[in-house]
Structures are given as structure tokens and as C-alpha cells.
**Student:** 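Here's a structure for you.
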Protein chains: 2
Amino acid sequence: MFIKIDFETEMPIYEQLKRQIIEGIAKGALKKGEQLPSVRQLAEDIGINLHTVNKAYNILKNEGFLTIDRRKGAMVSNLMPEITEQYLELLKEELKYLISNSYCRGMRKEGFLSICESIYDEIDDEKKF
Amino acid sequence: MFIKIDFETEMPIYEQLKRQIIEGIAKGALKKGEQLPSVRQLAEDIGINLHTVNKAYNILKNEGFLTIDRRKGAMVSNLMPEITEQYLELLKEELKYLISNSYCRGMRKEGFLSICESIYDEIDDEKKF
DNA sequence: AGACTGTTATATAATATATATAACAAGCAG
DNA sequence: CTGCTTGTTATATATATTATATAACAGTCT
């Protein structure tokens, strides 16, 4: 796997794991229906505890990104979660903070949008293969 | 003050405080040089501990949003922090995650940019007065 | 002198994070 | 059937974070 954990940062390991898996799905490194390493295997690979991996997997299952089959383990869902009203609210709140912070520091609308655009394009590029 | 704390969410109180103050500065509810309530006053207003407010104030001081004078208390900095390379990295990482998540859920580039734009416009609107 | 600042120090409680170990039930391959 | 792999569940432990409670201090202002 492509997982890289930063043990120095304040962000919990399970949260880093969760984010990197979602980013992996977005850019196509993980394809729909693809099987993920078992909790024990991934835990050993990155040198952490099995329960930490399990926590990340379960959050992703509850959010709809993964499907967990007792016999086969975890795999990427064939149907991705929807843009619910609840998700939209969370997204807007997060963006409001990031934009406010950037705005205070003098970043104009165009600069911010340009960053978002390049990240979107980056994802699309990696999706080619 | 305009602070509203949600005691149900998992986001720490001091983090909510920090974010709302930055958002307040961005939209002009707090102006440069304006004095903030004392840690004791604000803590009493929103029914939390003085140290929780103090923590938020100090983080904001270290990031350059506030200036703290022992005799007068905290006030909004006259010079806002810069867009450092470090900040840019954090911003991009955060956006990469938000965009990946939204992308998986089927949101296209235009939809995401449109949300960002409307939040920027919202801030500009409130800035009028 | 008295009232107000932020600051510092201690102590405590509750929660979150991460680890370690062990055991269980289900499925599958030999 | 036996042995291996799944995720799952249960306990226990250690550490760090978050939040509160009290108290005291030094500086500033009226």
C-alpha cells in the first residue's frame, strides 16, 4: 500500500489512514471493488496496532467508502456515498474556516480557487491510469 | 461577542473559539486593533473556563492574529499573518482531503469551486459594514 | 487602595488515542 | 477434519488531550 504515517503530527493515526484511503480512492489508486489489506497485514506493514487500522476501516465503512465482508475482509465500495445535506454542511463549515484564514492572510478569491482547481486537475491526471 | 459553542460536537471548545474569532476577523465583525473581551469575561459569557479561552487566545497570538498586552488584554493584530510556505502546505493538504472526499461523492470541479466562491462572496458582503 | 489585566502553578476528572493479548465465529483450502 | 485466514469482541494498560477548579502573582490603571 501507499500509506505513509507521520508519527510526529498531532493528527491521530486512524484519521491519517482514513484520509489517505479516501484520497487513494479519489485518484484511482484504489478502484471500486478492490480488496484492501487485512487489518493485521496493514497494521504490520506500517508498524501500528491492528485496532488502529480496524478503527479507520470501520469509520470508512460507516461513511460508505468501504464494504466489509467477514470472510474476505475490506474492499472499496462499488457505490460511493452521496453528497448528503449533512455532508454539505460539514464541507461548508470547513471551507468557511479555511477561506477565512486565507482571506485574513491576504489571499484573494482567484488565488484560492486556483489552488482548488489544480488539486482537482491533479486528481484527474492520476485517474488516467 | 458573537461566539456560539456547540458542546455536543467532538471539536474542542478552544478550537471552535479559535475558528470563530478568525472568521470574525475575516468578515469584519472584529476589526484590526479592536479589543477582545478579557479571558475571564469571555469565559463567563459563554459559560466555560478561563483557561480554555486563554488557550485559544494564545494559539491565535502565536499564529499572529492577536496581540496580547498585559495591561489591556487581547486585541486583533494590526498586521495579519502572512501566507507562509508552511501555511500553504497545510492548506493544500486540507483541501486535498476535502476535494478527494467530495470527488468520490460525485461533486465536479465546478460545483466545488462554486461553493468556495459563494463563501468568499459571503465574506465580502459582510465586510461592507 | 482597589479593580482589572494576563500569567503561572497545581490538582483533578473525563475522554481520546494507541497498544498488547487473547479469544471467538465464520469461511476456505489443503 | 485441520489449519489458516478473515473481522470481531473483550480486557487491560499507558499516555496525551481537553476542560475544569482554585489560588496566587505581577503589572497596570483609576
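Just so it is clear, the structure is predicted and the values come from calculations on it, not from any experiment. Letters go in sequence order (proteins before strands), and every chain restarts at 1.
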**Student:** May I ask you to list the residues of residues 35-52 of chain A, by number, that have any heavy atom positioned under 4.0 Å from an atom of DNA chain D?
**Tutor:**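 Contacts with DNA chain D under 4.0 Å: S38(A), V39(A), R40(A), H51(A).
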**Student:** Verify the distance criterion only: is there a donor paired with an acceptor across the side chains of N54(A) and N58(A) at less than 3.5 Å?
**Tutor:**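 The criterion, which ignores hydrogens and geometry beyond distance, is satisfied for N58(A) and N54(A).
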**Student:** How long is the line joining CG of N54(A) and P of dT8(D), in whole Å?
**Tutor:**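 Rounded to whole Å, this separation is 6 Å.
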**Student:** Do L36(A) and I3(A) land in one hydrophobic cluster if side-chain heavy atoms of ILVMFWY residues count as linked below 4.5 Å?
**Tutor:**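 Cluster IDs for L36(A) and I3(A) match.
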**Student:** Check whether any side-chain N or O of K72(B) sits under 4.0 Å from OP1 or OP2 of dT28(D), and answer yes or no.
**Tutor:**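 So the side-chain polar atoms of K72(B) never come under 4.0 Å of the phosphate oxygens OP1 or OP2 of dT28(D).
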**Student:** May I ask you to decide whether E23(B) forms a salt bridge with R19(B), counting only side-chain N to carboxylate O separations under 4.0 Å?
**Tutor:**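 Looking at E23(B) and R19(B), the cut-off is not met.
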**Student:** I'd like a table of donor-acceptor pairs (distance under 3.5 Å, sequence neighbours excluded) in which one partner is a side-chain atom from residues 105-112 of chain B, with atom names and distances.
**Tutor:**
from    : atom 1 : to      : atom 2 : distance (Å)
R105(B) : NE     : E82(A)  : O      : 2.8
R105(B) : NH1    : N101(B) : OD1    : 2.7
K109(B) : NZ     : D121(A) : OD1    : 2.9

**Student:** Between E122(A) and K96(B), is there a salt bridge with N-O shorter than 4.0 Å?
**Tutor:**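 Salt bridge between K96(B) and E122(A), a charged N being under 4.0 Å from a carboxylate O: no.
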**Student:** Check whether more than 12 heavy atoms from other residues, nucleotides or ligands sit under 6.0 Å from atom CD of E89(A), and answer yes or no.
**Tutor:**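 Count over threshold, so yes.
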**Student:** State whether N58(B) places a side-chain N or O below 4.0 Å from either non-bridging phosphate oxygen (OP1 or OP2) of dT7(C).
**Tutor:**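 It does, given that an N or O in the side chain of N58(B) lies less than 4.0 Å from OP1 or OP2 of dT7(C).
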**Student:** Please check if atom CD in E44(A) has more than 12 non-hydrogen atoms from other residues, nucleotides or ligands closer than 6.0 Å.
**Tutor:**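 Counting other residues, nucleotides and ligands, CD of E44(A) stays at 12 neighbours or fewer.
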**Student:** Ignoring hydrogens and angles, tell me if any N or O in the side chain of T52(B) forms a donor-acceptor pair with the backbone of I48(B) under 3.5 Å.
**Tutor:**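 Checked: no pair found.
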**Student:** Between dC29(D) and R71(B), is there an OP1 or OP2 to side-chain N/O distance shorter than 4.0 Å?
**Tutor:**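 Yes, because at least one side-chain N or O of R71(B) sits under 4.0 Å from OP1 or OP2 of dC29(D).
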**Student:** Between residues 2-15 of chain B and DNA chain D, which residues have a heavy-atom gap below 4.0 Å?
**Tutor:**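 Listed by number, they are P12(B), I13(B), Y14(B).
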**Student:** Using OP1 and OP2 only, check whether a side-chain N or O of K55(B) sits under 4.0 Å from dT18(D).
**Tutor:**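 Yes, such a contact exists.
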